[in-house]
Amino acid sequence: MGKVAVAFAAAAVVAACSVAAVMVSRRVKRRRKWRNVVEILKEFEEGCDTPVGRLRQVVDAMAVEMHAGLASEGGSKLKMLLTYVHDLPNGTEKGTYYALHLGGTYFRILRVHLGGERSYLDVQDVERHPIPSHLMNSTSEVVLFNFLAFSLERFIQKEGNESSSQGVKRELAFTFSFPVKHTSISSGVLIKWTKGFEISEMVGKDIAECLQGALNRRGLDIHVSALVNDTVGALSLGYYHDPDTVVAVVFGTGSNACYLERTDAIIKCQGLLTTSGTMVVNMEWGNFWSSHLPRTAYDIDLDAESSNPNDMGFEKMIAGLYLGDIVRRVILRMSQESDIFGPYSSVFSEPYVLRTNAVSAMHEDDTPELQEVARILKDLGVSDVPLKVRKVVVKICDVVTRRAGRLAAAGIAGILKKIGRDGGGGITSGRSRSEVQMQRRTVVAVEGGLYMNYTMFREYMEEALVEILGEEVRQYVVVKAMEDGSSIGSALLVASLHS
Ligand code: BGC
């Protein structure tokens, strides 16, 4: 071989070696990055773990905090608010009533007609609209209430001559899904905003008065007869259909629960007398906190960057507004520490860009190649994500939703424990489960988009309820879905006030 040929051969060998070295080094880097991803996932999964022992601790903490919140004002993070609702609709109500519901994402208007028998409940018109975002953060409440009055006016104009309430003053329930300190069933002041609403001027104002003022300004002959939390509306509808309903829970954009409490157990309000000896208490459980809740670094960051830091800690782990954002935060960290989503994309830096309905669609994607996951990621601007990475995304959704569903179950079991319907005879009894005969059928009314539309959330909640209560006790606890329950139930409540 000539010298030139030798030189060529040597150069070729060197080149081949360097190519191989580059390839090996890339493969090593890729492996290292994938290991990072696996590590992040593992750490997250461990951080969200909710074995039944931990859930039981959450159950106990919920029941203890309920006691503390009933004992004194400010005694717990659970506000345990009085609602002045002591008689729930029983089926004898008659007439036509209206409800206007300001929720977290939508507002609804509807009219119900009642014929005096339980079976004669006619929900005649339902309008459902997204709440324009500028109204959630406007500087003045007048803009929001004018808008609500205007929408109600349009709704009523569409009735034409059909409505049987022609010529009669219309009675309206205002379902207001935020914490209110009531002074009566029809009045109360806003304590604080939640779920991203921020009209600071409104805190401390009487909400029913604000709406009544706006209706009067438009010359509408409508009377705001009741100011109702959405959970209380759901409880009313539940009770109307089934008097064993004593608890109602909302899993929507936000989350909360209410239940029927004995007035003598509401110690912070001594001497409170009602004809039924009971009152509905709005727990505002979104603000529940316990060191037993499995909190991760992602939850801490979400809270710190939210419009209400250090507030509504439980809600931020279980409600629809937040689940998507927890998933987004985990994906963001993975994309920063690896290139599994392709070259670093800023899309996951955008808060709330990943909605919980997208999480549920990805989680429940049953196509073999996870095409729905690919489509949703592509819509967000991240294309060509390999199958193994799509599987990671599904896993993150699963971890977040499993934790939410299981904590939701623990919350419900906490209420059952407080009222002695958990098969253990209540928080103070000290009797062992086996000593107690599970006594009464207990219905829990449940409402909200997260619960209605996200099957896996429902299933995880159901599974954990059985784990916590045991098969036998679980048979006495009926969880009933109430579509539009908050709005319809609030209208029924107004009807019961007029019957
Ligand atoms: C509010 C509650 C409401 C719940 C569900 C929470 O953010 O504080 O009043 O019931 O959301 O809509």
Side-chain angles (χ1 to χ4, degrees), residues 69 76-85 99-108 128 130-131 136-137 173-182 188-199 202-203 207-208 226-238 247-259 280-289 302-303 306-323 325 352 356 404 407-408 411-412 415 444-454 457 481-490 493:
S76 161
K77 287 193 88 136
L78 286 184
K79 289 212 155 30
M80 306 300 282
L81 300 169
L82 302 188
T83 61
Y84 295 91
V85 174
L100 168 68
H101 180 180
L102 186 68
T105 312
Y106 294 97
F107 75 93
R108 297 178 192 77
R128 186 169 178 263
I131 303 167
M136 295 160 63
N137 303 303
F174 186 17
T175 318
F176 185 71
S177 305
F178 300 92
V180 164
K181 187 169 172 53
H182 277 264
V189 297
L190 174 65
I191 298 175
K192 64 183 178 188
W193 284 114
T194 57
K195 299 178 279 202
F197 275 67
E198 260 188 296
I199 314 169
M202 244 178 93
V203 173
I207 300 304
L227 180 61
V228 189
N229 186 261
D230 50 354
T231 55
V232 181
L235 183 68
S236 303
L237 181 64
V247 179
V249 191
V250 169
F251 299 110
T253 307
S255 182
N256 188 14
C258 75
Y259 72 108
V280 177
V281 172
N282 167 12
M283 292 175 59
E284 286 297 330
W285 87 358
N287 204 33
F288 167 67
W289 191 253
L302 181 148
D303 177 55
S306 69
S307 59
N308 52 349
N310 290 320
D311 206 22
M312 306 300 276
F314 191 48
E315 175 163 279
K316 286 172 183 163
M317 287 184 164
I318 63 170
L321 178 59
Y322 303 104
L323 300 191
D325 208 54
Y352 299 98
T356 299
L407 292 179
I412 293 175
I415 304 175
V444 179
V446 186
E447 228 241 288
L450 180 66
Y451 183 80
M452 297 291 178
N453 306 324
Y454 197 160
F457 173 82
M482 300 277 141
E483 182 113 47
D484 276 330
S486 333
S487 322
I488 300 170
S490 303
L493 197 57

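Order of appearance sets the numbers: ligands from 1, and atoms from 1 within every ligand.
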K.L.:
Which protein non-hydrogen atom lies closest to atom 6 (C) of ligand 1, naming both residue and atom, and how far is it?
P.N.:
Glu315 OE1, 3.1 Å

K.L.:
Val250 heavy atoms, cut-off 4.0 Å: which ligand 1 atoms fall inside?
P.N.:
5 (C)

K.L.:
Quick one: which of Val232, Asp230, Leu321 has a heavy atom closest to atom 3 (C) of ligand 1?
P.N.:
Asp230

K.L.:
Using a strict cut-off of 4.0 Å, indicate which atoms of ligand 1 neighbour a heavy atom of Thr194.
P.N.:
1 (C), 6 (C), 7 (O), 8 (O)

K.L.:
Does Met136 reach the side chain of Lys195, with side-chain heavy atoms less than 4.5 Å apart?
P.N.:
no

K.L.:
For the residue pair Asp230 and Ser177, confirm or rule out a side-chain donor-acceptor distance under 3.5 Å.
P.N.:
yes

K.L.:
What do the steps show when you test His182 against Leu82 for side-chain contact (heavy atoms from CB on, under 4.5 Å), and what is the final call?
P.N.:
CA-CA 7 Å; His182 277 264; Leu82 302 188; 5.7 Å; no

K.L.:
For atom 11 (O) of ligand 1, what's the nearest protein heavy atom and its distance?
P.N.:
Lys195 NZ, 3.1 Å

K.L.:
Find out whether Asn229 and Thr83 are in side-chain contact, i.e. whether some heavy atom of one side chain is under 4.5 Å from a heavy atom of the other.
P.N.:
no

K.L.:
Can you list the atoms of ligand 1 that are under 4.0 Å from a heavy atom of Gly254?
P.N.:
5 (C), 11 (O)

K.L.:
Would you mind checking which non-hydrogen protein atom is closest to atom 4 (C) of ligand 1, with the distance to 0.1 Å?
P.N.:
Asn256 CB, 3.6 Å

K.L.:
Below a 4.0 angstrom heavy-atom separation, can you tell me which part of Ala319, side chain or backbone, both or neither, approaches ligand 1?
P.N.:
neither

K.L.:
Is the shortest heavy-atom distance from the side chain of Phe197 to the side chain of Ile131 under 4.5 Å?
P.N.:
yes

K.L.:
Looking only at heavy atoms of Ser255, does any of them come nearer than 4.0 Å to an atom of ligand 1?
P.N.:
yes

K.L.:
Hey, which of Val232, Val247, Val281 is the one that makes side-chain contact (heavy atoms from CB on, under 4.5 Å) with Cys258?
P.N.:
Val232

K.L.:
Quick check: Asn229 and ligand 1, any N/O pair under 3.5 Å apart?
P.N.:
yes

K.L.:
Could I get the full list of salt bridge (charged side-chain N to carboxylate O under 4.0 Å, His left out) partners for Asp303, not counting sequence neighbours?
P.N.:
Arg295, Lys316

K.L.:
So among Lys79, Lys77, Lys192, which one has a salt bridge (Lys or Arg N to Asp or Glu O under 4.0 Å) with Asp311?
P.N.:
Lys192

K.L.:
Starting from atom 8 (O) of ligand 1, which protein heavy atom do you reach first, and at what distance in Å?
P.N.:
Glu284 OE1, 2.7 Å

K.L.:
May I have the step-by-step check of side-chain contact (heavy atoms from CB on, under 4.5 Å) for Met283 and Phe288, ending in yes or no?
P.N.:
CA-CA 9 Å; Met283 292 175 59; Phe288 167 67; over 6 Å; no

K.L.:
Just which atoms of ligand 1 are under 4.0 Å from any heavy atom in Met312?
P.N.:
7 (O), 8 (O)

K.L.:
Quick check on Pro179 - does any of its heavy atoms sit under 4.0 Å from an atom of ligand 1?
P.N.:
yes

